[in-house]
Amino acid sequence: MTSSPTADSVPVLRPEARFRKFRGRTMVASGPTALELSETAAFLLARVDGQRPVTQLATLLAQEYDIDVDEARADTLELVADLVESGILGLESP
């Protein structure tokens, strides 16, 4: 396990994390940390299945929002890093 994601890292939702819609907002929480997710962050988190690496998640994001794959990869890496730091996600090596 590592705390800094790479394109090959596989994010996993930590068992104590909760992800749901609440009053029209998408929320994720783990312990005392609760975050409101943007539309794109919610799209990505909904596809975290413990099998897809960051690079596949970024490809899905690029296709869904018709953006450049490199931009999507950078955004995905940043989001995953933030969610790992918040205790929402863990990382597995490929």
What are the two closest heavy atoms between [X] and [Y], and how far apart are they?
X   : Y   : result
Q51 : V10 : N-CG1, 3.7 Å
A72 : A58 : CB-O, 3.4 Å
P53 : A7  : CB-O, 3.8 Å
L60 : R47 : CD1-CD, 4.2 Å

Task: Of all pairs that satisfy side chain to side chain donor-acceptor pair (under 3.5 Å), the ones with a partner from residues 71-83, not counting sequence neighbours - done: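 Sorted result for residues 71-83: D70-R73.
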Open item on the list: Among D8, L79, L91, L77, which residue satisfies the side chain to side chain contact (heavy atoms under 4.5 Å, CB included) criterion with V54?
Closed with: L77
- [ ] Please determine, by modelled atom types, if S30 and T33 share a side-chain donor-acceptor pair under 3.5 angstrom.
- [x]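 No, no side-chain donor-acceptor pair sits under 3.5 Å.
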Task: Trace of the side-chain contact (heavy atoms from CB on, under 4.5 Å) decision for L45 with T26 - done: CA-CA 10 Å; L45 193 57; T26 303; over 6 Å; no
Open item on the list: Does any part of the side chain of L57, heavy atoms only, come nearer than 4.5 Å to the side chain of P11, both counted from C-beta?
Closed with: yes
- [ ] Name all pairs fulfilling the salt bridge (Lys or Arg N to Asp or Glu O under 4.0 Å) condition that reach into residues 54-66, sequence neighbours left out, sorted by first residue then second.
- [x] none
- [ ] Just do the side-chain contact (heavy atoms from CB on, under 4.5 Å) check on F19 and I88 with the steps written out, would you?
- [x] CA-CA 9 Å; F19 172 55; I88 305 297; over 6 Å; no
Please round to the nearest 0.5 Å and tell me the distance separating atom [atom1] of [X] and atom [atom2] of [Y].
X   : Y   : atom1 : atom2 : value
I67 : L61 : CD1   : CG    : 4.5 Å
K21 : L37 : NZ    : CG    : 9.5 Å
R25 : L35 : CZ    : CG    : 13.5 Å

Task: Within 6.0 Å of CD in E39, more than 12 heavy atoms from elsewhere - done: no
Task: Residue list, ring pair (Phe, Tyr, Trp, His ring centres under 6.0 Å) with Y65, at least two apart or on another chain - done: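 Only F43 meet the ring pair (Phe, Tyr, Trp, His ring centres under 6.0 Å) criterion with Y65.
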Open item on the list: When you measure from the side chain of S9 to the backbone of T6, do you find a donor-acceptor pair of N or O atoms at a distance under 3.5 Å?
Closed with: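 Checked: pair present.
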Task: Worked verdict on V80 versus V84 for side-chain contact (heavy atoms from CB on, under 4.5 Å) - done: CA-CA 6 Å; V80 169; V84 166; 4.2 Å; yes
